[in-house]
Amino acid sequence: MGNQLLQRQIEEEKVRKHNAGLLSVAVGLALLSLLLWGWLGQNDPYTRQVLSFQGNVARGEAIFRVNCAGCHGLNGGGNVGPSLQGVSKHKSDRQLIQQVISGKTPPMPKFQPSAEDMADLLSYLRTL
Ligand code: HEC
């Protein structure tokens, strides 16, 4: 009788350990894919190319006037779109690039500037 109980406890312990093992494998895989996703997302060729340019503020301003000022105001002061003044303080370069090219926050359209144009735009956004 006592033996059976002990046996059952041992079995339960085995199952518990097995489940804990599975759980940590799952957590590990999830973390790994998150890391990989972040790494790939931040190192896509386009972003890397944009960041390899110095960026020309005057050209960036011209691009901004044509494409962005309608919604964000002439000096990024805001209109339909939010003010972009000081935007580079709460968004990183990579986040700013994503904001421009992703089209994930309608009504802001998705833009596809060349890497050089994007670099110019980025250098202008940093001055706001
Ligand atoms: C049709 C209007 C429109 C145009 C054109 C537009 N935007 Fe926007 N933009 C928005 C709106 C609306 C948001 C807010 C989106 C949200 O977060 O819901 C936004 C958000 C942003 C943000 C994030 C602001 C923050 O505080 O995080 C940045 C940066 C930005 N726009 C840059 C640009 C640039 C650069 C261009 C030109 C290439 C541009 N936008 C063109 C409407 C526009």
Side-chain angles (χ1 to χ4, degrees):
M1 196 65 188
N3 240 350
Q4 259 180 357
L5 196 66
L6 193 65
Q7 197 62 35
R8 222 179 60 209
Q9 278 174 345
I10 291 171
E11 286 301 321
E12 278 170 2
E13 182 67 6
K14 274 190 194 155
V15 169
R16 204 184 57 76
K17 278 195 177 140
H18 180 73
N19 285 345
L22 278 183
L23 188 69
S24 54
V25 168
V27 169
L29 276 178
L31 279 177
L32 193 73
S33 50
L34 252 181
L35 266 177
L36 202 66
W37 179 74
W39 184 80
L40 287 175
Q42 301 209 326
N43 288 290
D44 72 288
Y46 178 77
T47 303
R48 257 185 299 157
Q49 210 188 347
V50 170
L51 296 177
S52 74
F53 286 107
Q54 184 119 48
N56 176 319
V57 177
R59 277 201 75 228
E61 182 169 5
I63 295 169
F64 187 87
R65 292 223 159 136
V66 175
N67 297 284
C68 324
C71 287
H72 290 287
L74 257 192
N75 299 305
N79 189 2
V80 185
S83 164
L84 297 182
Q85 272 154 18
V87 72
S88 61
K89 289 193 191 76
H90 71 257
K91 279 210 150 90
S92 69
D93 287 351
R94 292 187 160 89
Q95 288 174 316
L96 288 172
I97 295 171
Q98 279 307 310
Q99 175 71 42
V100 172
I101 66 172
S102 74
K104 278 190 189 141
T105 56
M108 180 162 155
K110 176 178 179 154
F111 293 89
Q112 295 179 305
S114 70
E116 194 172 7
D117 286 352
M118 185 65 236
D120 295 342
L121 198 51
L122 192 60
S123 68
Y124 174 68
L125 290 178
R126 287 198 207 109
T127 69
L128 293 175

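Atoms within each ligand, like the ligands themselves, are counted from 1 in listed order.
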Closest approach of any protein heavy atom to [atom], naming residue and atom:
atom: atom 24 (C) of ligand 1; result: Leu84 CD2, 3.7 Å
atom: atom 5 (C) of ligand 1; result: Asn67 O, 3.4 Å
atom: atom 40 (N) of ligand 1; result: His72 NE2, 2.8 Å
atom: atom 41 (C) of ligand 1; result: Phe111 CE1, 3.5 Å

Q: Output yes if Cys68 passes the N/O/S-under-2.8 Å test against atom 8 (Fe) of ligand 1; output no otherwise.
A: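 No - counting backbone and side chain alike, Cys68 has no N, O or S atom under 2.8 Å.
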
Q) With a cut-off of 2.8 Å, does any N, O or S atom of Gln99 fall short of it relative to atom 8 (Fe) of ligand 1? A)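 False for Gln99.
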
With side chains defined as the heavy atoms from C-beta onward, is the minimum distance between [X] and [Y] less than 4.5 Å?
X: Glu116; Y: Asn56; answer: no
X: Lys17; Y: Glu13; answer: yes
X: Ile97; Y: Leu51; answer: yes
X: Ile101; Y: Pro113; answer: yes
X: Leu84; Y: Phe64; answer: yes
X: Leu125; Y: Ser88; answer: no
X: Asp120; Y: Phe53; answer: no

Proximal atoms of ligand 1 relative to [X] (non-hydrogen, under 4.0 Å):
X: Leu96; result: 29 (C)
X: Pro107; result: 1 (C), 12 (C)
X: Pro109; result: 1 (C), 3 (C), 4 (C), 5 (C)
X: Val100; result: 35 (C)
X: Val87; result: 24 (C), 25 (C), 26 (O)
X: Cys71; result: 1 (C), 2 (C), 3 (C), 4 (C), 5 (C), 42 (C), 43 (C)

Has ligand 1 got any nitrogen or oxygen that is less than 3.5 angstrom from a nitrogen or oxygen of [X]?
X: His90; value: yes
X: Thr105; value: no
X: Lys91; value: yes

Q. Looking only at atom types and distance, does a side-chain atom of Gln99 sit under 3.5 Å from a main-chain N or O of Thr105, one as donor and one as acceptor?
A.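 Absent.
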
Q.
On a heavy-atom basis, which atom in Ser83 and which in Gly77 lie closest, and how many Å separate them?
A.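 That would be CB-O, 3.4 Å.
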
Q) At a 4.0 Å cut-off, with the gap strictly under it, does some heavy atom of Pro82 reach an atom of ligand 1? A)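 Within the 4.0 Å threshold, so yes.
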
Q: Just let me know how Ile63 lines up against ligand 1, side chain, backbone, both or neither, with a heavy-atom cut-off below 4.0 Å.
A: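 Answer for Ile63: neither.
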
Q. Which one holds for Pro113 and ligand 1: side chain close, backbone close, both close, or neither close, with close meaning a heavy atom under 4.0 Å?
A.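 Neither part.
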
Q.
Do Ile63 and Tyr46 land in one hydrophobic cluster if side-chain heavy atoms of ILVMFWY residues count as linked below 4.5 Å?
A.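 Ile63 and Tyr46: one cluster.
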
Q) Taking the minimum heavy-atom distance to atom 33 (C) of ligand 1, which of Lys104, Met108, Gln95 ranks first? A)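 When every heavy atom of Lys104, Met108, Gln95 is considered, Met108 comes closest to atom 33 (C) of ligand 1.
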
Q. Does a salt bridge link Arg16 with Glu12, judged by any charged N lying under 4.0 Å from a carboxylate O?
A.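 Salt bridge absent between Arg16 and Glu12.
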
Q.
Using a 6.0 Å cut-off, check whether atom CD of Gln85 has over 12 heavy atoms from anything other than its own residue.
A.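 Count over threshold, so yes.
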
